[in-house]
Amino acid sequence: MTLTSDVDLSGAETAEMTTAVAMNSALDLALAADPRVLLLGEDIADPSGGVFKVTRGLSTRHGTSRVRDTPIAEQSILGAAIGAALAGYRPVAEVMFFDFVTVAMDQLVNHAAKFRYLSGGQHPVPITVRTVVGNSRFGAQHSQSLEAWFMHTPGIKVAFPSTPSDAKGLLASCVFDDDPCLFIEHVALHYSQKEPVPTGEHRVPLGQAAVRRAGDDVTVISYGAQMPGVLAAADTLAGEGISAEVVDLRTLVPLDFPTVLASVARTRRAVVVHGATRFAGPGAEIAATITEELFEELAHPVTRLGARYVPTPFLASGLEPLPVAADVVGAVRRLASS
Amino acid sequence: MTLTSDVDLSGAETAEMTTAVAMNSALDLALAADPRVLLLGEDIADPSGGVFKVTRGLSTRHGTSRVRDTPIAEQSILGAAIGAALAGYRPVAEVMFFDFVTVAMDQLVNHAAKFRYLSGGQHPVPITVRTVVGNSRFGAQHSQSLEAWFMHTPGIKVAFPSTPSDAKGLLASCVFDDDPCLFIEHVALHYSQKEPVPTGEHRVPLGQAAVRRAGDDVTVISYGAQMPGVLAAADTLAGEGISAEVVDLRTLVPLDFPTVLASVARTRRAVVVHGATRFAGPGAEIAATITEELFEELAHPVTRLGARYVPTPFLASGLEPLPVAADVVGAVRRLASS
Amino acid sequence: MTDTQLAQPHAPAGLPPLAVLERMYEVMRTVTVTDERARAEAKAGRMPAAFYPVRGLEGVCAALGAVLTPDDHLVSTYRNLADTVAKGVPLRAVIAELHGRVPGSSKGKGGTMHMHHDPSGLMATTGIVGSGLPIAAGLALGAQLDGGGRAVAVTFGDGATSIGAYHEAMNLAALWHLPLVFVCQNNMWAEHTPIAAYAPSTALAERAAAYNMAADAVDGFDPIETWRVLGAAVARARAGEGPTFVECRTYRLVGHTSSADYSYMPPAELDAALARDPAPTFRAWLADGDHVAPARLDEIDKAVDTGVDDAFDFAQSAPHPEPGAIYDDVFADRTWVEGR
Amino acid sequence: MTDTQLAQPHAPAGLPPLAVLERMYEVMRTVTVTDERARAEAKAGRMPAAFYPVRGLEGVCAALGAVLTPDDHLVSTYRNLADTVAKGVPLRAVIAELHGRVPGSSKGKGGTMHMHHDPSGLMATTGIVGSGLPIAAGLALGAQLDGGGRAVAVTFGDGATSIGAYHEAMNLAALWHLPLVFVCQNNMWAEHTPIAAYAPSTALAERAAAYNMAADAVDGFDPIETWRVLGAAVARARAGEGPTFVECRTYRLVGHTSSADYSYMPPAELDAALARDPAPTFRAWLADGDHVAPARLDEIDKAVDTGVDDAFDFAQSAPHPEPGAIYDDVFADRTWVEGR
Ligand SMILES: Cc1ncc(C[n+]2csc(CCOP(=O)(O)OP(=O)(O)O)c2C)c(N)n1
Ligand SMILES: Cc1ncc(C[n+]2csc(CCOP(=O)(O)OP(=O)(O)O)c2C)c(N)n1
Ligand SMILES: [Mg+2]
Ligand SMILES: [Mg+2]
């Protein structure tokens with residue numbers, strides 16, 4: 001099954017785009033539309049155009065003054081983004097891999113996420129931080145999915161798209177949002193899928209989940225790089241006569257509880273699936289909230305699937321820490337069969 | 001009601017100690033017992049003896065070569081601790097306030113927590129990182145309770161004591177544990193309470209919760225600086241005829257689920273209370289796990305009380321982001337009355 | 001104070017004009033008086049705040065305030081009273097913030113370490129050592145992209161030169177020729193640790209020069225010399241000639257916080273510094289050198305004292321935020337926030 | 001290569017002894033051959049690993065290996081093949097790790113960026129730019145507390161000099177006079193960005209000297225000069241005279257990763273560097289100067305080629321970890337881990 005965005009594209013001119021190309025388009029349009037948009041990051045300017053080529057061509061089109069290569073110094077990248085935001089700009093900073101935010105958490109957590117509050121509303125920080133979850137090909141320091149840390153940090157929004165169209169639409173929304181946004185990409189999604197994406201201005205609002213597939217028996221809640229596996233699992237399950245509703249959260253802050261709860265209220269069974277570590281992960285919050293709201297309706301406790309409690313073992317080892325489609329199939333079967 | 005440790009102190013010589021003094025005693029004994037124990041941190045040597053005086057006298061007794069003042073540079077403090085650990089030492093590093101780990105997350109998360117794994121067991125990292133949760137007197141950058149981030153990071157143990165005796169016993173266990181340990185103190189507990197604490201060697205094992213108060217109607221699960229309020233609430237509730245069992249987790253990794261589940265299996269009602277932000281906080285994991293294990297037994301969904309989703313407002317503002325005893329009383333009452 | 005001109009290319013010649021001299025003195029006196037008062041209020045329990053005294057920095061901050069305009073941006077630290085006053089933040093807003101009240105510069109929710117005042121160009125203060133520097137680099141990038149003419153300054157302590165964020169910001173500012181003045185308020189102490197105990201080289205300006213930026217050291221107890229050197233640095237920033245590092249050598253005249261002790265400070269060192277207490281020393285120099293008439297100085301003193309009393313009275317009778325205000329300003333929209 | 005002696009106080013005089021020359025050549029040749037082979041295996045899909053080529057660093061690493069003993073500790077980066085080989089990690093263990101196999105140096109779970117080999121003193125490698133430096137400072141603290149005599153070295157790229165961790169470690173090492181050698185492998189590139197585009201001053205050794213530590217720059221394509229300067233630095237560390245920063249100037253002879261392109265590298269620059277390709281250049285010098293007999297060099301070449309083939313054969317036929325091994329070595333005890 002192909003993922004499709006829930007945004008109505010009829011009327012809009014579209015082109016087949018990968019996620020990387022769709023993000024490139026969002027950034028290109030933002031740079032063209034608003035002189036206050038700035039890009040900062042390591043190797044993002046041409047000829048490199050970013051290690052995943054997401055910013056390819058942008059410095060050539062918009063100048064290296066607005067699409068700026070930086071030294072390898074993430075504290076200064078994020079600090080510069082925050083400062084430029086205070087000066088009226090809308091910086092988009094790239095942290096090459098999510099794991100590298102660990103060298104610059106202070107700027108994001110103590111400053112970007114708090115300045116609006118600590119200034120009594122005087123100093124919002126409209127920055128977007130783009131970052132990438134890697135995979136085990138690179139080992140344990142290039143494959144962590146740390147969104148739970150930022151869900152737990154009041155003051156920063158978190159988007160994690162799973163389709164090209166959403167990647168474009170959510171990135172545009174982040175860039176033009178007046179709050180700091182963490183925009184999470186996954187290396188497995190950059191070039192894995194093409195779909196028609198509006199060539200012009202396209203936004204997907206922050207805080208709206210998408211029902212990717214309607215179903216009656218069980219609700220599967222997921223986002224980001226787990227979505228293809230979840231949808232494949234739903235296909236398999238459909239073949240067995242089990243109808244799974246699939247909710248793609250798209251943003252984790254704000255998290256669209258109304259959509260999640262409406263679905264689970266109907267199916268009375270839920271599975272949450274993510275690539276982040278299961279223990280104290282995003283699924284814990286989602287499961288706890290569903291349970292608080294729908295305790296009487298639930299036929300079963302919410303099932304959580306997430307990465308095992310281990311540093312990521314190297315890909316070549318063959319060890320798999322992440323939930324795969326078969327795990328989802330198994331979990332849904334267990335819920336549906338009782 | 002006075003908190004007392006569950007450790008049997010009969011026989012052992014004891015003295016009345018505050019938490020700060022009890023920790024000092026643990027460090028003093030560790031330094032005396034094992035020449036590989038080292039202390040690193042800002043202002044920890046005499047005459048300062050640490051901003052909260054926890055290390056007072058230790059550099060005088062054990063020398064400034066083993067109790068070392070450092071520059072204000074947390075990455076190098078934690079990196080030096082990790083390196084010294086690889087060289088065979090047992091460093092105890094101080095990060096003055098928990099919020100400051102944000103400048104050094106990389107060392108803790110990417111290196112300390114992963115080296116044992118990434119070296120195939122060759123290079124354990126037996127460091128202890130002591131840090132302090134402040135309060136809103138200092139504002140939003142000196143009052144964050146970030147333990148959830150570390151629960152979510154495979155490879156690092158997390159202790160958060162609530163009593164002088166546990167502070168001593170857990171700190172000693174951390175120092176002599178072969179894995180990296182994050183030992184969390186709270187500024188409100190350093191000098192708030194005295195109790196008899198063994199003057200000699202005293203250890204509280206990591207991963208064992210303590211039942212502070214037995215009860216039948218509701219289980220209240222908490223730890224650290226929320227414990228005094230929780231116990232006060234239990235007193236109030238007792239006056240109303242509601243019997244609350246109070247579990248002090250003491251360590252969050254490993255988290256003692258057997259003790260928690262045994263209690264809730266009996267009471268069928270649970271409230272989790274912590275000073276960390278409620279959203280995606282430690283309580284989410286605890287509530288989700290309880291629900292997974294005891295869904296059929298639970299009379300109600302688990303109630304979670306935690307800090308509101310806001311940066312900490314300045315103390316003098318009078319705004320209160322944390323759950324207080326009255327909130328606990330209210331939550332327990334609601335559960336018990338239905 | 002010496003009247004000799006610095007070799008500095010952009011150094012303003014001679015002395016500041018009378019209005020500037022008067023304003024500098026007013027700032028210094030205000031800071032001295034407010035600092036004493038704030039510590040007393042904290043001690044008395046009327047101001048439930050951690051407070052970081054600034055005594056010793058009066059001249060440095062007055063000089064910085066005198067060379068910046070409200071359009072220029074400033075980033076400061078937890079030890080920000082002198083910076084905020086010098087930058088022109090109304091004293092009432094400052095003191096109300098220290099008391100957590102609604103008319104505070106951050107509506108009472110920021111507190112001591114978190115002063116923001118957009119109209120005066122006070123863009124942020126931080127409680128995390130060194131973290132203001134990268135943010136100031138971003139403000140300076142903004143000023144540069146706006147077309148120049150505006151300067152950005154950032155203040156920080158001697159201890160901050162040890163931390164990573166300092167290095168990254170220095171490097172970036174030098175690389176991008178940012179219009180940024182790094183004002184190192186060297187008070188010779190980082191909490192209870194003297195500079196020689198944590199710095200392999202205490203030649204901070206030399207270390208800064210290695211980044212390939214202009215760097216200078218100045219006697220921070222000499223407001224006139226400081227004004228010249230900071231003025232030159234700001235002029236260089238405005239002219240698009242890149243960043244400057246200025247080490248202002250002072251001494252911390254009181255403890256690290258309002259409650260800290262002095263026991264670890266060598267008494268002779270402290271006494272020598274106290275003998276140069278900036279505001280009274282500057283006052284004497286202004287009077288003795290006939291730069292400002294004694295009667296005018298008396299007038300300023302009186303106005304300052306009245307202003308300080310007024311600010312504390314104002315603050316202590318101002319309202320606290322309504323409980324519901326706790327959810328304001330987490331995000332632009334508070335709907336989702338309230339539900340969590 | 002010049003035979004002139006350096007002014008360096010501890011510089012060993014003359015040339016390395018024959019055994020060292022041979023070993024250096026063996027290391028360089030091993031690295032060159034293994035690097036080519038690893039890229040080929042990755043491309044062919046037989047080695048599912050991100051791999052960071054080291055071509056260009058052969059001489060620097062061989063020199064470093066020659067001045068360290070197995071007791072000395074080394075911390076390296078993701079670009080670690082030459083460091084690990086030079087430090088004496090058995091090639092089979094290295095290549096098996098790149099293939100994720102049980103006999104790998106980290107039992108196959110670490111991979112390319114995470115090589116550890118305690119018996120050889122390879123204490124860590126990191127995938128985070130700059131992060132190895134503070135850890136190396138800690139190892140050096142350990143060596144110092146042990147009573148000295150042992151040296152610690154850390155390798156890192158030119159790009160790492162921009163990041164905070166670098167600064168903090170330099171500062172700490174200078175302050176504590178740690179027995180640490182900072183080996184900057186300057187290959188003139190940080191991914192696709194040339195050094196001049198990110199460094200306000202490319203005089204890296206001068207910048208290092210500002211920390212008040214010994215600092216030197218060396219032609220990293222000259223293994224003998226590099227051996228002398230690194231030898232002096234290690235001798236200084238062993239003698240308790242504190243840290244040294246050595247900038248080894250080389251050039252990256254291939255792309256940033258095994259899959260990267262060269263399009264952004266000025267062809268003339270790359271060609272000039274390739275003309276000095278370390279292993280063949282050193283071989284010619286050894287032979288032409290009668291330092292090592294050609295027949296002996298042929299022998300080494302043959303042994304190296306056989307050894308490399310053997311290591312890849314060994315690795316590719318070695319077992320993967322059992323599935324249950326995923327829970328090993330998170331903590332000392334895996335009980336709790338399995339349940340999560
Ligand atoms: C990252 C970080 N580490 C530690 C602290 C605790 N701390 C607050 S002030 C201070 C001393 C700073 O010294 P210096 O930079 O000289 O400034 P001063 O306080 O003397 O003005 C320290 C260590 C902090 N706020 N942030
Ligand atoms: C903190 C951090 N930021 C960014 C990266 C991505 N990255 C990996 S290698 C590299 C270039 C490093 O350049 P240099 O230090 O010169 O070493 P080289 O790769 O040239 O050996 C970058 C930016 C990283 N690994 N860590
Ligand atoms: Mg200072
Ligand atoms: Mg390089």
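As a basis for the values below, the full set of heavy atoms in this structure was taken, side chains included, without hydrogen atoms, waters or symmetry mates. Note on naming: letters A, B, ... go to the chains in the order of the sequence lines (proteins, then strands), and numbering restarts at 1 for each one.
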Next on the checklist: Please classify the contact between D:Ala199 and chain C as side chain, backbone, both or neither, with a heavy-atom cut-off of under 4.5 Å.
Outcome noted: backbone
Item to check | For chain C, the option from D:Ser201, D:Ser162, D:Ala174, D:Gly130 that forms the most heavy-atom pairs under 4.5 Å | outcome: D:Ser162
Checklist outcome for this item: In this structure, OH of D:Tyr198 is separated from CG of C:Leu172 (nearest 0.5 Å) by 14.0 Å
Next on the checklist: Heavy-atom cut-off 4.5 Å, strictly under: side chain, backbone, both or neither for D:Ala197 against chain C?
Outcome noted: backbone
Next on the checklist: Within the structure provided, determine whether C:Asn171 and D:Arg207 are in side-chain contact (heavy-atom separation under 4.5 Å).
Outcome noted: yes
Next on the checklist: Given 3.5 Å as the limit, does a donor-acceptor pair link the side chain of C:Glu168 with the main chain of D:Gly164, or not?
Outcome noted: yes
Checklist entry - Would you find a donor on one side and an acceptor on the other, under 3.5 Å apart, between the side chain of D:His167 and the backbone of C:Thr161? => result yes
